[in-house]
Amino acid sequence: MNKQQFLAAVKAGISSLPQSDIDKTLDYYDEMIADRMEDGMTEEEAVSDLGSVEEIVSQFMGETREVRESSMPVWAVILLVIGIPVWLPLFVGIGIAVLSVYAALWMVLISLYVTGAALAISCITGILLGVCYLVAGKLSKMAFFIGLGLVCGGLGIGLYFLCNGIAKGLVMLGRWSVKGVKSIFGRKEAKS
Amino acid sequence: MDIQLKRGLLDVCVLAAIRNKDSYGYQIIKDMKPYVTISESTLYPILRRLEASDYLTVHSVEHNGRLRKYYHITQTGIERINDFAKEWEQIMLIYQFIIKEGTEHE
């Protein structure tokens, strides 16, 4: 059998699988044959070295079936499907609640930023007022407002850095939660 | 050999074959040959399983006008090998006991 015949036979045997699986498999065996030929085998020898098409197809289908079956027994699937009216609204509800909390946290963060901005404006205003009083010769009032302005400025700067830290934390929390959710579903497929 | 046992062993074998250098399918089979013979059809699902579990990554390299798939071990894969080695130190001790006491002698 030559390479083309071999690959066509394998393709026919695994045709029930998704196209991407079929393509990957054919690429894999194509590569194996090419590597063997580089080692000095002829095309015929390389193909026969791989074993019979029946063996390959049955082993491949068996493995794929194993992966699908072992990840969840049939009764569990049936139960899961029947239970959709129960767990689906629950999941959706919980999901919405969690997202709302997350969004609320971001809202709090935004209001903190706004506070920071307000403090910054107060700082500038205070200093300007102070300068006005300086010009007017009212030194004690000048000192008061400049002092007040500087305090607001300091608070504003501190708040700004605090907000940046909180923002980073929220982003990380979001990413980590997404990973956590993904891994719950991902691991079910990978276990075989 | 027990099928499940062999499968677990072969998974780690393949990881070991790519531990210190990226390698490709046929080379992995050749590297393992002095110790254990596996066929392409056995190797293929192993590679897919290892990739799904993030023990290795795949990338294509051009070779003689065609694309060859190379497999690269991840940190998780390295840890898997180390865990396996630790498990088997224990198994080796038990094996020694079985051989020493479990075989017929005075």
Side-chain angles (χ1 to χ4, degrees), chain A residues 3 6-7 9-10 13-14 17-18 20-41 43 45-71 179 182-183 185-192, chain B residues 2-12 14-15 17-18 21-33 37-72 74-77 79-80:
Chain A
K3 183 170 85 168
F6 173 81
L7 290 177
V10 171
I14 62 173
L17 296 175
S20 68
D21 279 3
I22 297 179
D23 289 340
K24 279 191 194 152
T25 311
L26 293 178
D27 280 347
Y28 175 79
Y29 283 104
D30 195 15
E31 198 185 295
M32 284 295 173
I33 294 172
D35 284 334
R36 277 179 158 70
M37 281 167 63
E38 261 185 43
D39 251 16
M41 295 190 197
E43 193 175 295
E45 285 169 348
V47 169
S48 63
D49 209 39
L50 294 177
S52 76
V53 177
E54 291 81 38
E55 270 173 39
I56 291 174
V57 168
S58 68
Q59 186 155 26
F60 190 79
M61 297 298 276
E63 280 284 344
T64 315
R65 217 175 296 126
E66 260 173 50
V67 172
R68 275 205 210 116
E69 270 180 6
S70 68
S71 63
K179 252 194 194 165
K182 262 194 199 166
S183 75
F185 296 111
R187 226 162 265 154
K188 265 208 197 130
E189 286 169 14
K191 266 212 165 85
S192 64
Chain B
D2 175 48
I3 269 252
Q4 293 289 5
L5 178 64
K6 188 163 191 185
R7 182 197 269 167
L9 288 174
L10 288 178
D11 280 14
V12 185
V14 170
L15 286 177
I18 60 172
K21 62 182 195 316
D22 292 358
S23 192
Y24 56 98
Y26 188 47
Q27 186 59 50
I28 293 174
I29 293 182
K30 281 202 283 191
D31 287 345
M32 284 168 63
K33 203 169 214 140
T37 306
I38 74 168
S39 68
E40 285 71 12
S41 332
T42 314
L43 178 63
Y44 186 62
I46 294 178
L47 289 170
R48 285 179 62 194
R49 212 167 28 235
L50 292 173
E51 188 185 356
S53 309
D54 273 331
Y55 289 138
L56 57 75
T57 59
V58 192
H59 60 274
S60 297
V61 176
E62 219 218 289
H63 174 85
N64 286 357
R66 59 184 171 101
L67 282 180
R68 187 189 253 169
K69 287 215 176 102
Y70 276 81
Y71 303 95
H72 172 84
T74 60
Q75 186 54 41
T76 322
E79 281 161 23
R80 176 76 190 94

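Computed from a predicted structure; not experimentally measured. Reckoned from all heavy atoms, side chains included, excluding hydrogens, waters and symmetry mates. Residue numbers start from 1 in every chain, and the chains themselves are labelled A, B, ... in the order their sequence lines are given, proteins ahead of strands.
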Residue pair B/Ile28 / B/Leu47: nearest heavy atoms and the distance that separates them: CD1-CD2, 4.4 Å

Hey, are the side chains of B/Arg49 and B/Val14 touching, using non-hydrogen atoms and a 4.5 Å cut-off? no

Student check: side-chain heavy atoms of A/Ile14 and A/Asp21 closer than 4.5 Å: no

Atom of B/Tyr24, atom of B/Tyr71 and distance for their closest heavy-atom approach: CA-CD1, 4.2 Å

Quick one: what part of A/Glu38 sits under 4.5 Å from any heavy atom of chain B, side chain, backbone, both or neither? side chain

Let me know if B/Asp54 has heavy atoms under 4.5 Å from chain A in its side chain, its backbone, both or neither. neither

Close contacts, residues 23-30 of chain A versus chain B, judged by heavy atoms under 4.5 Å: A/Lys24, A/Thr25, A/Asp27, A/Tyr28, A/Tyr29

Could you go through A/Ile56 and B/Glu40, starting from their C-alpha distance and side-chain angles, then the distance that decides it, and tell me whether this counts as side chain to side chain contact (heavy atoms under 4.5 Å, CB included)? CA-CA 9 Å; A/Ile56 291 174; B/Glu40 285 71 12; over 6 Å; no

Heavy-atom distance under 4.5 Å to chain A: side chain of B/Arg66, backbone, both or neither? side chain

Shortest non-hydrogen contact from B/Lys69 to B/Val58? CD-CG1, 3.6 Å

Could I get the full list of salt bridge (charged side-chain N to carboxylate O under 4.0 Å, His left out) partners for A/Glu31, not counting sequence neighbours? none

